[in-house]
A.B. asks: 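Have a look at this one before I ask anything.
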Amino acid sequence: MSDSLPTTPDAVRQRAAAADNRRRRKARPASRQWRRRGLMTAYIVFVLLPIYWLLNMSFQSNTEILGGLTLWPESFTLEHYAKILTESSWYMGYVNSITYVLMNMLISIAVALPAAYAFSRYKFIGDKHLFFWLLTNLMAPPAVFLLPYFQLYYTVGLFDTHIAVALAHCLFNIPLAVWILEGFMSGVPKEIDETAFIDGYSFPTFFVKIFIPMISSGIGVTLFFLFMFSWVELLLASTLTSTGAQPIASVMTQTKGASGIDWGALAAAGTLTILPGIVVVYFVRNHIAKGFALGRT
């Protein structure tokens, strides 16, 4: 005995809408579908072509790179990757970059979470002006703060340290984190806070066990943007460091030697520089999708 379809008005409307969509898809010209697929394919090829060319060059010798245009390596080699992974002048650049990026993400999110909660839950004198002042830090280029940071860090002995770059990036990342998180927190009803306090939760317990899991998507989006800014920022990171905490982006600008630019090593370093971003996007991809759909971004 077959199950009968529901006959409620909502069910009937849903079935009618589904049938109408099927009729429209069938009536859509095949040429339009192929045109859309062709445009999408062309766009993907256009976006991925530079990345493929970078990967292609990383497996070629410098002679082959300078000799002519080849779509794939004629003499496949891993010497450039071996050079980067065995010479401390190269691989320490990645270690330094990852170190200060993680430090900045930890400091920024620890400061931004309570600050965003205060902006989303409380009204106080000058709250709008203070929030706007935080956002104005994002409008200034890093070069504006370069000289003050350099003189300050050199005076107090923080020059050429990981914490120096991490703190410098906080000037831009903390306002960005507060702005994003405040949008997510404002979407959580205040009644949840009141109910938790009535049930006997202290504020730290409520904030860690109840509130933070509710905005996990917002935290994922925030961490993504914090990582991207610190990872690709070059001016502050290269100026506030010398040798002990030099980032990989600064190391890559120093590949010119007596024999010219080491194009193969530069391409291999660029390929390896993309990998951390891919890893971060992979782990927070679900939070990013929810965050762009629900949050301020």
A.B. asks: When you compare the side chains of Ser250 and Gln246, does any donor N or O come within less than 3.5 Å of an acceptor on the partner?
C.D. replies: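 Note: Ser250 and Gln246 side chains meet the donor-acceptor criterion.
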A.B. asks: Flag yes if Ile261 and Phe59 sit in one hydrophobic cluster, no otherwise; membership is Ile, Leu, Val, Met, Phe, Trp, Tyr, and two members link when side-chain heavy atoms are under 4.5 Å apart.
C.D. replies: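 Same hydrophobic cluster.
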A.B. asks: Could you please spell out the steps behind the ring-ring contact (aromatic ring centres under 6.0 Å, His included) verdict for Tyr100 and His169?
C.D. replies: CA-CA 9 Å; Tyr100 72 68; His169 287 175; 5.7 Å; yes
A.B. asks: With no hydrogens and no angle check, do the side chains of Asn96 and Tyr91 hold a donor and an acceptor under 3.5 Å apart?
C.D. replies: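 Checked: Asn96/Tyr91 side chains show no N/O donor-acceptor pair below 3.5 Å.
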A.B. asks: Which atoms form the tightest heavy-atom contact between Ala116 and Leu181, and what is the distance?
C.D. replies: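 Minimum heavy-atom contact is CB-CB, 3.6 Å.
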A.B. asks: Please lay out, stage by stage, how Ile107 and Asn173 fare under the test side-chain contact (heavy atoms from CB on, under 4.5 Å).
C.D. replies: CA-CA 10 Å; Ile107 296 172; Asn173 277 345; over 6 Å; no
A.B. asks: If you take all heavy atoms of Asp193 and Arg121, which pair is closest and at what distance?
C.D. replies: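 Closest approach of Asp193 to Arg121: OD2-NE, 3.1 Å.
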A.B. asks: Do the side-chain N and O atoms of Gln60 and Thr77 include a donor-acceptor pair separated by under 3.5 angstrom?
C.D. replies: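 Thr77 and Gln60 do not have a side-chain donor-acceptor pair below 3.5 Å.
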A.B. asks: Within a radius of less than 6.0 Å around OH of Tyr154, do more than 12 heavy atoms belonging to other residues, nucleotides or ligands occur?
C.D. replies: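 Atom OH in Tyr154 is not packed in, count stays at 12 or less.
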A.B. asks: For the residue pair Trp90 and Ala269, what are the closest heavy atoms and their distance?
C.D. replies: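 Shortest heavy-atom contact: CZ3-CB, 3.5 Å.
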A.B. asks: Could you go step by step and tell me if Leu71 and Asn56 meet the side-chain contact (heavy atoms from CB on, under 4.5 Å) rule?
C.D. replies: CA-CA 7 Å; Leu71 296 179; Asn56 179 37; 5.7 Å; no
A.B. asks: Any chance you could lay out the side-chain contact (heavy atoms from CB on, under 4.5 Å) test for Lys123 and Lys128, step after step, and finish with the verdict?
C.D. replies: CA-CA 9 Å; Lys123 301 296 181 183; Lys128 302 293 185 182; 3.9 Å; yes
A.B. asks: Treating Ile, Leu, Val, Met, Phe, Trp and Tyr as nodes and any side-chain heavy-atom pair under 4.5 angstrom as an edge, say whether Leu134 and Ile125 lie in one connected cluster.
C.D. replies: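 Looking at the clustering, Ile125 is in a separate group from Leu134.
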A.B. asks: Evaluate the ring planes of Phe206 and Phe203, with Trp represented by its six-membered ring, and classify them as parallel (under 30°), tilted (30 to 60°) or perpendicular (over 60°).
C.D. replies: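 Rings of Phe206 and Phe203: tilted, as their planes differ by 30° to 60°.
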A.B. asks: Under 3.5 Å, is there a donor-acceptor pair linking the side chains of Ser75 and Glu64?
C.D. replies: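 Yes.
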A.B. asks: Applying ring pair (Phe, Tyr, Trp, His ring centres under 6.0 Å) between Phe227 and each of Phe225, Phe229, Trp231, report the one that passes.
C.D. replies: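 Of all the options given, the one that passes is Trp231.
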A.B. asks: Would you check if the side chain of Glu233 reaches a backbone N or O of Ala237 as a donor-acceptor pair within less than 3.5 Å?
C.D. replies: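 Judged by distance alone, yes, a pair lies under 3.5 Å.
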A.B. asks: Restricting to non-hydrogen atoms, name the atom on Tyr94 and the atom on Leu272 that form the minimum distance, rounded to 0.1 Å.
C.D. replies: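 Answer, listing the atom of Tyr94 first, then Leu272: OH-CB, 3.3 Å.
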A.B. asks: Hey, can you tell me if Phe159 and Phe150 have their rings parallel, tilted or perpendicular (30° and 60° cut-offs)?
C.D. replies: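 If you compare the ring of Phe159 with that of Phe150, the planes turn out perpendicular.
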A.B. asks: Short question: side chain of Asn62, backbone of Gly264 - any donor-acceptor pair under 3.5 Å?
C.D. replies: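 Yes, the answer is positive, given that a donor and an acceptor are paired below the 3.5 Å cut-off.
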A.B. asks: Same hydrophobic cluster for Leu106 and Val95, using side-chain heavy-atom links shorter than 4.5 Å among ILVMFWY?
C.D. replies: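 Hydrophobic grouping puts Leu106 apart from Val95.
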A.B. asks: Can you give me the closest heavy-atom contact between Thr222 and Ala177, atom names plus distance?
C.D. replies: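 Closest approach of Thr222 to Ala177, heavy atoms only: CG2-CB, 3.5 Å.
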A.B. asks: What's the verdict on side-chain contact (heavy atoms from CB on, under 4.5 Å) for Leu48 and Tyr52, showing C-alpha distance, side-chain angles and the deciding distance?
C.D. replies: CA-CA 6 Å; Leu48 296 182; Tyr52 167 75; 5.8 Å; no
A.B. asks: Could you check whether atom OH of Tyr282 has more than 12 heavy atoms from other residues, nucleotides or ligands sitting under 6.0 Å from it?
C.D. replies: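 Atom OH in Tyr282 is not crowded, with 12 or fewer foreign heavy atoms closer than 6.0 Å.
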A.B. asks: Please say whether more than 12 non-hydrogen atoms of neighbouring residues, nucleotides or ligands are located less than 6.0 Å from CZ in Phe132.
C.D. replies: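 Counting neighbours around CZ of Phe132, 12 or fewer heavy atoms of other residues, nucleotides or ligands fall under 6.0 Å, so no.
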A.B. asks: For Phe145, look at atom CZ and say whether over 12 heavy atoms of other residues, nucleotides or ligands are found less than 6.0 Å away.
C.D. replies: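 Correct, the count exceeds 12.
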A.B. asks: Where the side chain of Ser216 meets the backbone of Pro213, is there a donor-acceptor pair that is under 3.5 Å apart?
C.D. replies: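 Between the backbone of Pro213 and the side chain of Ser216 there is a qualifying donor-acceptor contact (under 3.5 Å).
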A.B. asks: Report yes if some heavy atom in the side chain of Val279 is under 4.5 Å from a heavy atom in the side chain of Pro276; otherwise report no.
C.D. replies: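 A side-chain contact is absent here, since even the closest heavy-atom pair is not under 4.5 Å.
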A.B. asks: Decide whether Val232 and Leu102 are clustered together by the hydrophobic rule: side chain heavy atoms of Ile, Leu, Val, Met, Phe, Trp, Tyr closer than 4.5 Å, transitively.
C.D. replies: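 Yes, same cluster.
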A.B. asks: Do the side-chain N and O atoms of Tyr81 and Ser58 include a donor-acceptor pair separated by under 3.5 angstrom?
C.D. replies: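 On atom types as modelled, these side chains qualify, holding a pair under 3.5 Å.
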A.B. asks: Should the heavy atoms of other residues, nucleotides or ligands under 6.0 Å from CH2 of Trp133 be counted, would the total exceed 12?
C.D. replies: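 Atom CH2 in Trp133 is not crowded, with 12 or fewer foreign heavy atoms closer than 6.0 Å.
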A.B. asks: Let me check something: do Phe119 and Ile212 share a hydrophobic cluster, defined by ILVMFWY side-chain heavy atoms less than 4.5 Å apart, either directly or through other members?
C.D. replies: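 They do share one cluster, since a chain of ILVMFWY contacts under 4.5 Å joins Phe119 to Ile212.
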A.B. asks: Can you give me the closest heavy-atom contact between Ala265 and His80, atom names plus distance?
C.D. replies: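 Closest heavy-atom pair between Ala265 and His80: N-ND1, 3.4 Å.
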A.B. asks: Do other residues, nucleotides or ligands put more than 12 heavy atoms under 6.0 Å from the CD atom of Gln151?
C.D. replies: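 It does not: Gln151 CD has 12 such atoms or fewer within range.
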A.B. asks: Counting heavy atoms not belonging to Leu275, are there more than 12 under 6.0 Å from its CG?
C.D. replies: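 Yes, enclosed.
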A.B. asks: Treating Ser120 as the side-chain partner and Tyr117 as the backbone partner, does any N or O pair qualify as donor plus acceptor under 3.5 Å?
C.D. replies: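 Checked: pair present.
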A.B. asks: For residues Thr241 and Asp160, is any side-chain donor paired with an opposing acceptor at under 3.5 Å?
C.D. replies: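 No, no side-chain donor-acceptor pair sits under 3.5 Å.
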